[in-house]
Amino acid sequence: MANRLAQETSPYLLQHRDNPVDWYPWGPEALARARQGDRPILLSVGYSACHWCHVMERESFEDPEIAAYMNEHFVNVKVDREERPDVDALYMEAVQAMTGHGGWPMTVFLDPEGVPFYGGTYFPPDEGRGMPSFRMVMEAVVKGFAEKREELRAGGARMRAHLGAIGRIEPAAEPADARLLEEAVAALRARADREHGGFGGAPKFPPASALELLLAGGEREIVETTLDAMLAGGIYDQLGGGFARYSVDAVWLVPHFEKMLYDNALLARVYLHGWQALGHERYRRVCEETLDWALREMRGPEGGFYSALDADSEGEEGRFYVWTPDEIRAVLGDGAEAVIEHYGGSERGNFEGRNILHLAGGPVAPEPAGLAVARRALYEARAKRAWPGLDDKRLTSWNALMVAALAEAGAVLEREDYLEAACACAGFVLESLRDQQGRLLRTYKDGEARLNAYLEDHAFLLEALLALYEATFERRWFEAAREVAETTIARFGDPERGGFFSTSEDHEALIARRKEIGDHPIPSGNSSAAMGMVRLAALTGERRYEQQAEGVFRLFAKPAAQQPEAFAHLLRALDFHLAQTKEVALIGDHLAELAAVVRSAFRPHLVLAGGPEGANTPPLLADRPAVGGKPTAYVCERFACQAPVTDPGALEELL
């Protein structure tokens with residue numbers, strides 16, 4: 001008999017609906033049950049593509065005896081971290097404070113008021129792996145809850161104060177300046193792995209925001225090394241395009257095979273910018289293959305994008321993606337040997353008896369004849385295998401990241417299909433992910449949108465709509481961006497200390513209201529809001545948007561300079577804010593040639609507007625006549641413009 005999770009839409013929660021555990025979704029019913037019965041809460045947090053979440057389910061949550069113990073002693077709550085990032089982040093900070101580390105699956109024990117008093121990550125069913133068994137942990141928690149309530153209450157008060165501290169950070173007295181940015185970039189360069197790319201050692205996550213920051217600052221060597229290492233490694237799907245979530249080693253060879261929408265949106269954009277800045281066609285190819293993968297495998301019929309592909313299939317991690325040489329020979333016949341050698345053969349990349357395809361000769365090795373045909377044949381053969389599980393919920397924030405990537409790539413690469421997909425996805429989010437009051441919602445599945453949207457949903461959407469406006473010059477996207485910005489300020493802004501709360505003023509109250517920070521692997525809501533606000537200020541000339549971003553910088557720029565890899569998108573926003581940003585207004589009816597000049601290079605400190613003569617939305621276009629009836633470009637700084645030009649070559653010189 002299914003438990004309460006059968007009424008949910010999250011694919012992760014639905015995976016647990018047939019567990020013998022009496023699961024509750026997070027919400028007032030579970031909390032009320034804990035208070036009424038004076039029972040601790042066992043909170044289990046994970047996500048659908050998480051390999052070890054599946055392992056713990058098979059080992060423990062499907063075990064009748066373990067489930068019976070859980071049901072007798074706890075109110076059991078299951079949370080999809082992607083649907084409820086507020087719950088996940090709150091209790092992850094608690095687990096990290098208690099244990100010094102975190103990850104998923106996350107297991108946290110709460111008192112009936114929701115205050116955490118013990119936690120960890122994966123617990124095995126037995127004690128033979130150098131850690132206590134799940135049953136032993138639960139028994140110790142039950143005993144402690146019964147016998148040490150006063151100690152738990154005292155510890156709970158301290159934990160509440162700790163978890164709420166980030167929301168009470170006071171702003172710096174002085175504004176953030178270029179010195180902080182220089183320190184951050186220098187620290188990032190010092191930490192770079194100049195042989196294998198990325199930063200630090202294993203495991204390695206694709207550092208999209210850090211690469212964007214370095215590119216904006218003119219750094220080329222570290223960016224090129226990293227982009228080349230990733231595209232040549234097993235972390236990149238050599239047949240189908242797209243990147244896995246991270247590499248378990250330091251050389252990008254052996255991935256954790258799950259594919260997340262957010263990584264691929266961010267990385268497609270980095271490779272696009274790498275192509276613009278460095279000119280390597282291989283970067284353009286990876287950008288397009290990644291976006292083509294998203295359109296082919298991750299797009300729903302309404303135009304939204306699914307969240308993730310699982311790491312596992314047929315009960316094995318990576319089984320869908322790996323090959324033996326004989327499997328390749330069976331598909332390709334006589335032409336197989338050159339392809340096997342190109343993709344590493346059996347020399348490197350062995351993964352549980354099969355091989356991870358990678359570019360054995362590196363990113364610029366010559367391709368064997370007929371490789372494109374062979375790749376297609378291998379892809380089609382792979383498509384007949386049992387597929388990894390698909391998490392088909394659509395999240396507002398992750399869809400916004402894909403809108404931005406498709407919009408910019410569509411404009412730069414002149415791919416109309418990308419632009420059409422970006423517009424369709426943005427329209428889907430703005431129309432279908434709304435409640436009856438018109439407020440943005442977080443998640444959509446099976447025709448139903450639900451859950452309040454968070455700061456990151458609004459902030460990522462603000463950035464995406466501005467990118468879509470700059471790619472299309474369609475006024476509707478700018479107006480939507482401005483509406484989202486106003487909502488963000490009104491519902492998430494902190495007028496007392498600056499910055500933005502992660503949850504809106506009318507959101508369900510948790511034990512602390514927080515301001516999320518940290519841009520790895522995806523930007524935080526505060527960093528993204530800051531970037532959106534400074535770009536909107538450049539398009540409108542309105543100082544109040546810039547002031548909102550400055551509030552974020554005063555709170556977090558100093559720690560960002562000390563930990564630049566963890567705050568790289570915030571530093572990108574600060575870089576844009578401090579730079580001599582160019583505002584380019586294109587006036588006229590046929591703007592493609594002038595727009596192509598602006599888009600022909602990586603220009604990280606520029607905003608672009610376009611429209612017919614007489615347009616005044618965005619304000620950058622106001623009072624700018626076309627010269628002699630020709631398409632005309634105005635290049636401005638702080639709305640002070642140089643003489644208008646109509647010649648593409650003259651525009652190039654001004655940029």
Side-chain angles (χ1 to χ4, degrees), residues 2 5 10-20 46-63 78 80 82 103-105 122 124-125 129 203 233-249 253-261 263-264 293-294 296-298 306-332 336 339-340 343-346 348-358 374-393:
L5 300 185
S10 157
Y12 175 67
L13 298 185
L14 290 172
Q15 287 170 2
H16 294 265
R17 64 185 168 188
D18 295 319
N19 295 166
Y47 58 102
S48 70
C50 168
H51 171 72
W52 285 101
C53 298
H54 302 327
V55 172
M56 191 165 179
E57 180 188 16
R58 289 194 299 267
E59 292 177 341
S60 295
F61 303 146
E62 293 179 353
D63 183 285
K78 176 61 74 172
D80 180 343
E82 296 166 356
W104 300 276
Y122 164 79
R129 308 184 199 181
I235 194 173
Y236 184 64
D237 182 350
Q238 303 294 335
L239 300 183
F243 290 84
R245 181 167 166 250
Y246 66 90
S247 172
V248 302
D249 55 32
L253 177 61
V254 180
H256 187 41
F257 286 90
E258 64 202 38
K259 279 182 170 181
M260 313 302 292
L261 184 68
D263 283 320
N264 286 286
W293 162 78
R296 185 177 62 248
E297 297 185 15
M298 301 298 287
Y306 307 138
S307 293
L309 281 172
D310 206 328
D312 296 7
S313 59
E314 301 182 81
E316 297 180 27
E317 183 183 1
R319 178 66 187 90
F320 183 74
Y321 298 100
V322 294
W323 297 76
T324 66
D326 284 345
E327 286 174 331
I328 296 176
R329 292 183 186 107
V331 175
L332 301 182
V339 174
I340 292 170
Y343 285 133
S346 56
R348 293 174 73 228
N350 186 283
F351 184 78
E352 298 182 359
R354 292 182 172 85
N355 297 300
I356 301 167
L357 302 188
H358 62 284
R375 287 180 72 203
R376 187 159 52 250
L378 291 170
Y379 178 83
E380 291 172 356
R382 189 180 76 178
K384 296 175 183 176
R385 296 175 173 177
W387 277 68
L390 173 68
D391 187 325
D392 61 349
K393 68 178 180 292

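Computation of the quantities below employed the complete heavy-atom set of this structure, encompassing side-chain atoms and omitting hydrogens, waters and symmetry-equivalent molecules.
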Side chain [X], main chain [Y], donor-acceptor under 3.5 Å:
| X | Y | value |
| --- | --- | --- |
| Arg354 | Gly318 | no |
| His51 | Glu316 | no |
| Glu82 | Gly46 | no |
| Asp391 | Ser307 | no |
| Ser313 | Phe320 | yes |

Give the minimum heavy-atom separation between [X] and [Y], together with the two atoms involved.
| X | Y | answer |
| --- | --- | --- |
| Val331 | Ala377 | CG1-O, 3.8 Å |
| Arg385 | Val322 | NH1-O, 3.0 Å |
| Tyr47 | Cys53 | N-SG, 4.0 Å |
| Ile340 | Pro325 | CD1-O, 3.7 Å |
| Leu253 | Pro255 | O-CD, 3.3 Å |
| Gln238 | Gly233 | NE2-O, 3.1 Å |

Verify side-chain contact (heavy atoms from CB on, under 4.5 Å) between Ile328 and Leu357, making sure each step is shown before the conclusion. CA-CA 11 Å; Ile328 296 176; Leu357 302 188; 4.2 Å; yes
Between Arg319 and Glu327, does at least one N-O distance fall below 4.0 Å, as a salt bridge requires?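 Yes, this pair counts.
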Answer yes when Glu57 and Lys78 have at least one side-chain N-carboxylate O distance shorter than 4.0 Å, and no when they do not.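 No, no charged N to carboxylate O under 4.0 Å.
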Could you check whether the rings of Tyr236 and Phe243 sit parallel, tilted or perpendicular, using 30° and 60° as the cut-offs?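 Rings of Tyr236 and Phe243: tilted, 30 to 60°.
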Does the side-chain contact (heavy atoms from CB on, under 4.5 Å) test come out yes or no for His256 and Trp52, once each step is laid out? CA-CA 11 Å; His256 187 41; Trp52 285 101; 5.6 Å; no
Partners passing side chain to side chain contact (heavy atoms under 4.5 Å, CB included) against Ala383 (at least two apart in sequence or in another chain): Trp387
Is it true that the side chains of Lys393 and Tyr12 contain a donor and an acceptor less than 3.5 Å apart? no
Using salt bridge (charged side-chain N to carboxylate O under 4.0 Å, His left out) as the criterion, list what pairs up with Lys259, not counting sequence neighbours. Asp237
Sequence neighbours excluded, which residues qualify as side-chain hydrogen bond (donor to acceptor under 3.5 Å, both in side chains) partners of Asp18? none
Are Asp392 and Pro11 packed together at the side-chain level, in the sense that at least one heavy-atom pair is separated by less than 4.5 angstrom? yes
Full working for side-chain contact (heavy atoms from CB on, under 4.5 Å) between Val339 and Arg375: CA-CA 9 Å; Val339 174; Arg375 287 180 72 203; over 6 Å; no
